[in-house]
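One structure is given here, and the rest of the page talks about it.
Order of the sequence lines sets the chain letters (A, B, ...), proteins ahead of strands, with each chain counted from 1.
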Number of protein chains: 2
Amino acid sequence: MEIENATQQRILEVATNVFYQKGLAGARMQEIADLSGINKAMLHYYYTTKEQLFDKVFQRTFFMYIGSISRLLSTASPFKEKLWNFIDEVMDMLQKYPYIPVFILHELNQNPARISELFSESQAINFEEFKREVAREVRRGNIKKVKAEQLFTDLIALTVLPFVAQPILSKVLSKNHEQYSQFLQDRKKELKTNWLENL
Amino acid sequence: MEIENATQQRILEVATNVFYQKGLAGARMQEIADLSGINKAMLHYYYTTKEQLFDKVFQRTFFMYIGSISRLLSTASPFKEKLWNFIDEVMDMLQKYPYIPVFILHELNQNPARISELFSESQAINFEEFKREVAREVRRGNIKKVKAEQLFTDLIALTVLPFVAQPILSKVLSKNHEQYSQFLQDRKKELKTNWLENL
DNA sequence: GTCTATAAAGGGATAGAC
DNA sequence: GTCTATCCCTTTATAGAC
């Protein structure tokens, strides 16, 4: 990890937002420079190429996002308490950064090779451990019989999709921005009580 | 609806695939021309601008996708039978066109205004009717007490997300392409039995 | 309808002065 | 470190012959 000065940090922050919304292909170095309060030459001084800047943004995002999911699933807390916590934390994070999932998925579609590199570098999600945990909970009768991979997919789907699909869902459900935020809050509670308790 | 000749249809088909994978900003008219077996001039002869071609692709996709969801929800069948059918049909469609949801969501992030135009033009999803139906089923004791908007979100989430998140999920679950297809098949059954029956 | 050639604009990247 | 000016490649779009 190299040291970053204030300008570098501002660039990275701006670039993150621009890439989140426009993607690698749609982002413009000119816009990133403008929003950072510098000119293009300066931008290239800190990050030689667009690809290089993008890679940095993508990696940081991936590790933050996947990393926090990973951490939340590998705590030592009791199983249902862990899921309770997961719902809260993940939905809070996504309320701050709702563009992240579509950003990651769109870019992975362009360049599927990227994920392999990142997964090998990172301490990826330890699914085997989660699997054992689910099997144990089923054995003990704490939750109904279910395959770990289906439960995991349910968990991600129920928490992440409302953010991913916000543009369409808010339209279908006829909710403005504030109403949709309220809906997401309600949903958090709903998942923790109804879904989690009925496992 | 104007009549389209064979060349026009081929262009549209090719453009659809290219835009699905690369998005508006990432797609190249040259590539679309090449894959269509014509040159750029010819391409512009049929579709004057890239935007115009993209709009056509986006609209068709949106209507096909949202339209089929809409149709599946407004049939006259009994409620649970309808959801059963929905799971089958939507997941079959997505197995054919897995790029569609990320494509739509990515492009809506770029240009959120687009959705307003399309929703007003289309006979959008009739959520009020679905709401009444859910309330009725709850009253009759056929399903547990639940808000229609939460149930609808669950339904979309559980069926759509496994396709949207395939690049990451297949990695986390350590599944190759065939294994992931099998997983999706299992999931269809899983949702129809476990989830649907426990509503 | 179909092509070649080219215009016109956009946008990433660098040279070089300060 | 920071700027202006500019290079040059890419890509959209059109002109014009056949």
Side-chain angles (χ1 to χ4, degrees), chain A residues 1-61 99 103 106-107 109-111 113-114, chain B residues 1-61 99 103 106-107 109-111 113-114:
Chain A
M1 283 292 168
E2 46 322 350
I3 294 134
E4 291 181 356
N5 66 29
T7 306
Q8 243 171 326
Q9 285 179 29
R10 190 151 26 88
I11 292 172
L12 205 54
E13 202 179 322
V14 166
T16 300
N17 288 324
V18 174
F19 282 132
Y20 279 6
Q21 291 178 50
K22 315 216 166 165
L24 170 59
R28 295 289 164 258
M29 294 297 267
Q30 184 66 64
E31 184 182 4
I32 293 172
D34 290 346
L35 293 175
S36 302
I38 55 175
N39 60 31
K40 268 198 300 181
M42 204 58 224
L43 179 52
H44 280 97
Y45 172 78
Y46 284 110
Y47 298 93
T48 316
T49 68
K50 187 185 180 183
E51 293 278 341
Q52 186 184 321
L53 179 53
F54 177 83
D55 281 347
K56 186 130 190 178
V57 168
F58 190 83
Q59 279 171 35
R60 281 167 50 109
T61 302
Y99 287 114
F103 165 72
H106 173 74
E107 298 300 340
N109 280 345
Q110 320 290 302
N111 186 351
R114 223 187 282 276
Chain B
M1 284 292 167
E2 54 303 3
I3 293 134
E4 291 180 357
N5 66 28
T7 306
Q8 244 170 325
Q9 286 179 29
R10 190 152 26 89
I11 291 171
L12 205 55
E13 202 179 322
V14 167
T16 299
N17 287 324
V18 174
F19 281 131
Y20 279 6
Q21 291 180 50
K22 315 215 167 167
L24 169 58
R28 293 290 165 257
M29 294 296 269
Q30 185 66 62
E31 185 182 4
I32 294 172
D34 291 346
L35 293 174
S36 302
I38 57 175
N39 61 30
K40 271 196 298 180
M42 204 59 223
L43 179 53
H44 280 96
Y45 172 78
Y46 284 111
Y47 298 94
T48 315
T49 68
K50 187 185 179 183
E51 292 278 341
Q52 187 184 320
L53 178 54
F54 177 82
D55 281 348
K56 186 131 190 176
V57 168
F58 190 83
Q59 280 171 35
R60 282 167 49 109
T61 302
Y99 286 114
F103 166 72
H106 174 73
E107 298 300 340
N109 280 345
Q110 321 289 302
N111 185 352
R114 224 188 282 276

Mind checking B:M42 for me? I need base, sugar-phosphate or nothing, with any heavy atom below 4.0 Å counting as a touch. base
How many whole angstroms separate atom CD of A:E51 from atom P of C:dA13? 8 Å
Whether the A:N5 and A:Y46 side chains hold a donor-acceptor pair (N or O, under 3.5 Å, no angle test) is what I'd like checked. yes
At under 4.0 Å between heavy atoms, what does B:A27 touch on the DNA or RNA strands: base, sugar-phosphate, or nothing? sugar-phosphate
D:dT2 C1' sits how many Å from A:D34 CG, rounded? 15 Å
Counting only heavy atoms from other residues, nucleotides and ligands, does the tally under 6.0 Å from NZ of A:K50 exceed 12? yes
Member of A:V57, A:I32, A:D55, A:L12 meeting the side chain to side chain contact (heavy atoms under 4.5 Å, CB included) criterion with A:Y47: A:L12
Can you identify which nucleotide, out of D:dT12, C:dG11, C:dT4, has its nearest atom closest to the B:N39 side chain? C:dT4
For a ring-ring contact (aromatic ring centres under 6.0 Å, His included) check, start with the C-alpha distance between A:F19 and A:F54, then their side-chain angles and the critical distance, and finish with the verdict. CA-CA 7 Å; A:F19 282 132; A:F54 177 83; 5.1 Å; yes
A:A41 has its side chain closest, among C:dA13, D:dT14, D:dT4, to D:dT4
Rounded to whole angstroms, how far apart are CE on A:M29 and P on D:dC7? 21 Å
Please state how far atom CD1 in A:I11 lies from atom C1' in C:dG12, giving the value in whole angstrom units. 15 Å
Atom-pair distance (CG on A:L43; C1' on D:dC3), nearest Å: 14 Å
Polar side-chain contact A:K40-C:dG11 base: donor and acceptor under 3.5 Å: no
Ignoring backbone atoms, test whether B:R28 places a side-chain nitrogen or oxygen under 4.0 Å from the OP1 or OP2 oxygen of D:dT12. yes
Which nucleotide, D:dT12, C:dG12, D:dT2, lies nearest any side-chain atom of B:K50? D:dT12
Side-chain touch B:I11/B:I38, heavy atoms, less than 4.5 angstrom: yes
Calculate the interatomic distance between A:Y46 atom OH and C:dG12 atom P; express it in whole Å. 20 Å
Nearest to the A:T7 side chain among D:dT4, D:dT2, C:dG11, which nucleotide is it? D:dT2
Could you check how far OH of A:Y45 sits from C1' of C:dC18, rounded to whole Å? 14 Å
Once you round it to whole Å, what is the distance between P of C:dG1 and NE2 of B:H44? 18 Å
